[in-house]
There are 2 protein chains.
Amino acid sequence: MPKKLIKQNARERILDVSEKLFANGSFASVSVRSVTATAGVNLSAVNYYFGSKQGLFQAVYIRRATQMNHERLHMLHETEQKARDEGREVTLRELISALLTPPIFWLCDVRPGFSVYIRFLARAYLEEASDMDHVLRQEVDVFDRFVPFFQQVKPDLGVEDIYWRIHFTMGVMHHTISHLHRISLLSHKACKIDTAAQTRDRLVEFCCDGF
Amino acid sequence: MPKKLIKQNARERILDVSEKLFANGSFASVSVRSVTATAGVNLSAVNYYFGSKQGLFQAVYIRRATQMNHERLHMLHETEQKARDEGREVTLRELISALLTPPIFWLCDVRPGFSVYIRFLARAYLEEASDMDHVLRQEVDVFDRFVPFFQQVKPDLGVEDIYWRIHFTMGVMHHTISHLHRISLLSHKACKIDTAAQTRDRLVEFCCDGF
DNA sequence: AACTGTTTAAAACATACGTTTAGAATGATG
DNA sequence: CATCATTCTAAACGTATGTTTTAAACAGTT
């Protein structure tokens, strides 16, 4: 009985462990054996639950992707509502904040896994073996919902420019997430690692002005 | 005689091939066998010339790193000179341009390998297995040369802010380089892939305003 | 208690990996 | 031509890989 509580679901534990390992190393560098070993399950469990290593990787992605993008859209919706209530238009800062806040906050989230997942995501973008174009697809849909608002805020920009700048914005974020520890080395320890909110604010400010 | 010309140096050809393979896949996903096979050399050539797979990876990095950073410093120096001649201070746009132009131009360089190397670099940043902190070290030195100029241009910013924004700037660039093909997917084909100069200008503009 | 579907276990499979070794080919130098 | 270090080749080594297989353990139901 307590055994069940301690061990949790084997499937879930595999996901937790591989999320962490995939966040720190490439797909190829993480072996199924290292996953099952640190998860404390049998080697064949991965193939049993997920069919293959690839299946595991995609399962790790899918588990939290929907929630992530939902939070972004929710934040966009709230922002829109608030602006309407106050009889004004949505600001650029609010838009970019809605794009960046969820991932950045997840990055420093205390809920286990959330922080790791963001780093997993940033790395997954570079994996071509795992059909990551499909992964991007879901984000593309989210961005499409943002585009009209960006056009509204910056009417002088063409759609093309909007997409480029969204692209850039995501770039800063991914890079910041992936190389968060490097800012210390880069600045000769001058920069401490900020809190989530501070990092978010720095990012938003940079991207706002860039936009 | 022509054989020598066709085959070139085996060592060099291994570097060329692995530069390309490492640019498209992670360190672990590229096998020594795939390198030697596509290079048309014997399997043991990698260990003969570079000692190990790791040694090969670092050799790929080192081959062009110095030149890359030298070009940046050279561009900074030219910029400084020009500004002095005209009796004015260096502009922010010039500084960022000196940081970004070399890699972006390499990205679209016709000289074989230069384009690939940039993508190799962007990917190498994520490899922790290959002691990439040492790789970063050389870039850090370059950035340190830029910092005083940034302070001069933006005297209201602290050193900390400067480093963060350099960090962000590099982030946009790396992301743009790594995911250049994705802008088309992201924008539903609205964005064509620009020329090097256009991409550079977009980037510089974004980063300038962000700074 | 017997049956049933699900989960776990241990072992084996076939292949791919990085590296090493021993020797042949090569090419310049005496 | 003989000598020598350098370069290349083929084969093997030992290990690690993802996956499959076969059977045991388990949990819930009748």
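So you know, we letter chains A, B, ... as the sequences are listed, proteins then strands, and number each from 1.
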Item to check | Stepwise side-chain hydrogen bond (donor to acceptor under 3.5 Å, both in side chains) test for A:E139 and A:Y125 | outcome: CA-CA 11 Å; A:E139 277 205 3; A:Y125 267 72; 2.5 Å; yes

Checklist entry - Are A:H167 and B:H175 close enough, and set up right, to give a ring-ring contact (aromatic ring centres under 6.0 Å, His included), and what steps lead you there? => result CA-CA 8 Å; A:H167 192 52; B:H175 189 264; 5.1 Å; yes

Next on the checklist: Measuring to OP1 and OP2 of D:dT6, would you say a side-chain N or O of B:Y49 lies under 4.0 angstrom away?
Outcome noted: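 B:Y49 to D:dT6 OP1/OP2: no side-chain N or O under 4.0 Å.
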
Next on the checklist: Before we go on, tell me: are the rings of A:Y117 and A:F120 under 6.0 Å apart, centre to centre?
Outcome noted: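 Yes, close enough.
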
Item to check | Pair B:F50 + B:F57: ring centers closer than 6.0 Å | outcome: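 Between B:F50 and B:F57, the centre distance exceeds or equals 6.0 Å.
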
Rounded to whole angstrom units, what separation is found between the [atom1] atom of [X] and the [atom2] atom of [N]?
| X | N | atom1 | atom2 | answer |
| --- | --- | --- | --- | --- |
| A:N42 | C:dA9 | CG | P | 6 Å |
| B:F50 | C:dG18 | CZ | P | 15 Å |
| B:F57 | C:dC17 | CZ | P | 18 Å |

Next on the checklist: With a 4.0 Å cut-off on N to O distance, would you call A:D16 and A:R63 a salt bridge?
Outcome noted: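 Answer for the salt bridge query: yes.
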
Item to check | Expected output: side-chain A:K53 to main-chain A:F27 donor-acceptor under 3.5 Å | outcome: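 The answer is yes, because a donor-acceptor pair under 3.5 Å joins these two groups.
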
Next on the checklist: Counting primed atoms plus P, OP1 and OP2 as sugar-phosphate and everything else as base, spell out the protein contacts along nucleotides 12-25 of chain D at 4.0 Å heavy-atom distance: B, S or - for each nucleotide, 5' to 3'.
Outcome noted: B----BBBBB----

